[in-house]
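A short write-up of the structure that comes next.
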Protein chains: 2
Amino acid sequence: MPMEQPEGTIFVQTTLKILGGKWKLLILWHLKDGARRFSELKKLIPGIAEKMLMQQLRELEKDEIVNRSVYKDVTSRVEYSFTDYGKSIIPVLKPLCDWGQAHLKRIERL
Amino acid sequence: MPMEQPEGTIFVQTTLKILGGKWKLLILWHLKDGARRFSELKKLIPGIAEKMLMQQLRELEKDEIVNRSVYKDVTSRVEYSFTDYGKSIIPVLKPLCDWGQAHLKRIERL
DNA sequence: GGAATAACTTACTTTTTTGTAAGTGCAATC
DNA sequence: GATTGCACTTACAAAAAAGTAAGTTATTCC
């Protein structure tokens, strides 16, 4: 088997840099069906600390994956949602979630 | 928008538990075209320490994702490859790598 | 007007992950 | 028989990620 140029390496690493860590994929998962308030996300992701949620959202925002919208009429209402670009992540999310589900079933059987 | 049961949460977390971290997806990426020796992987993944490579391979082995085969005829030849079960990860790997590639292009343009 | 809720921020600690560097045993090659 | 390459192992250190807890500002709700 010939030694391929390690080209894919940089691509996988790029993804990891943007989506890696304990929380980001989880946050994105819960945004995939539409905008969520900060407090909603907190409830949807058991165990996450407010600081972590904030921090990760800020990073996703700066990477232009997530939008932050403040509603001026009803103050202290902030919603996070995918940017159009961010939606390109959904095809990554799905197989990943599916695999987790299948793997869970498997280890339950064993 | 109704608050979904946070079911996907556990699935995403399961995947993260098995495939998370700096190196595992990268290692698997380089196994997707067939078996590789320890020394080959070391070359294919620039910057990885031997200790890390060993450690991650051991974990993938214990999770039954990767096979370790020792060739007795030619000693000190050890090959790592996907188990049949491990191959189920390939559909996760591809979109992830594709997204990284697209994202790289995007940030180069910006 | 007092309490509660929302969306944060900050200082600090702990834990986890990753890295460094040196060393082992064994076989093949010079 | 000395050196080299391979597949590891170990002790230790550094860095990165995550967590805790308290506080801030402003706004509804009673």
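Side-chain atoms are counted along with the backbone in the values below, which use heavy atoms only and exclude waters and symmetry mates. Residue numbers begin at 1 in each chain, while the letters A, B, ... track the order of the sequences.
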Would the distance check show the side chain of A:Thr83 and the main-chain N or O of A:Glu64 forming a donor-acceptor pair, the cut-off being under 3.5 Å? yes
Check whether any side-chain N or O of A:Arg37 sits under 4.0 Å from OP1 or OP2 of C:dA7, and answer yes or no. yes
OP1 or OP2 of C:dT5 less than 4.0 angstrom from a side-chain nitrogen or oxygen of A:Ser39, does that happen here? no
Under the 3.5 angstrom rule, does the side chain of A:Thr15 hit a backbone N or O of B:Trp99 as a donor-acceptor pair? no
Provide, to the nearest angstrom, the distance between the CG atom belonging to B:Leu57 and the P atom belonging to D:dA7. 11 Å
With no hydrogens and no angle check, do the side chains of B:Thr9 and A:Trp29 hold a donor and an acceptor under 3.5 Å apart? no
Please confirm whether the backbone N or O of A:Ala35 pairs with a side-chain atom of A:Ser81, one donor and one acceptor, at under 3.5 Å? no
Check each residue of residues 14-26 of chain A for a non-hydrogen atom within less than 4.0 Å of any atom in DNA chain C, then write out the ones that pass by number, or none. none
To the nearest Å, give me how far apart CD (B:Glu79) and C1' (D:dA7) are. 13 Å
If you look at every heavy atom in A:Gly100 and B:Thr14, which pair is closest and at what distance? O-CG2, 3.7 Å
Quick one: which of B:Lys43, B:Lys42, B:Arg36, B:Arg37 gives a salt bridge (Lys or Arg N to Asp or Glu O under 4.0 Å) with B:Glu40? B:Arg36
Separation of B:Glu59 atom CD from C:dT18 atom P, in whole Å? 9 Å
Check against side-chain contact (heavy atoms from CB on, under 4.5 Å), B:Leu16 and A:Lys22: CA-CA 7 Å; B:Leu16 253 33; A:Lys22 193 172 176 181; 5.9 Å; no
Interatomic distance where CD1 belongs to B:Ile48 and P belongs to C:dT17 [whole Å]: 15 Å
For a quick test of reading the model, state the closest non-hydrogen atom pair linking B:Glu79 to B:Tyr71 and the distance between them. OE1-OH, 3.3 Å
Protein-nucleotide distance (A:Arg77, atom CZ; C:dA7, atom P), rounded to Å: 8 Å
For B:Arg36 and D:dC6, what is the distance between atoms CZ and P respectively, to the nearest whole Å? 15 Å
Integer-rounded Å distance: D:dT20 C1' and A:Leu53 CG: 16 Å
Rounding to an integer number of Å, can you tell me how far B:Met52 CE sits from D:dC8 P? 16 Å
Report all interatomic pairs (protein N or O, nucleotide N or O of nucleotides 8-11 of chain C) with separations under 3.5 Å.
residue	atom	partner	partner atom	Å
C:dC8	OP1	A:Arg68	NE	3.3
C:dC8	OP1	A:Arg68	NH2	2.3
C:dC8	OP2	A:Tyr80	OH	2.7
C:dC8	N4	A:Glu50	OE1	2.3
C:dT9	OP2	A:Arg58	NH2	3.3

Over 60° means perpendicular and under 30° means parallel, so tell me whether A:Tyr85 and B:His103 are parallel, tilted or perpendicular. parallel
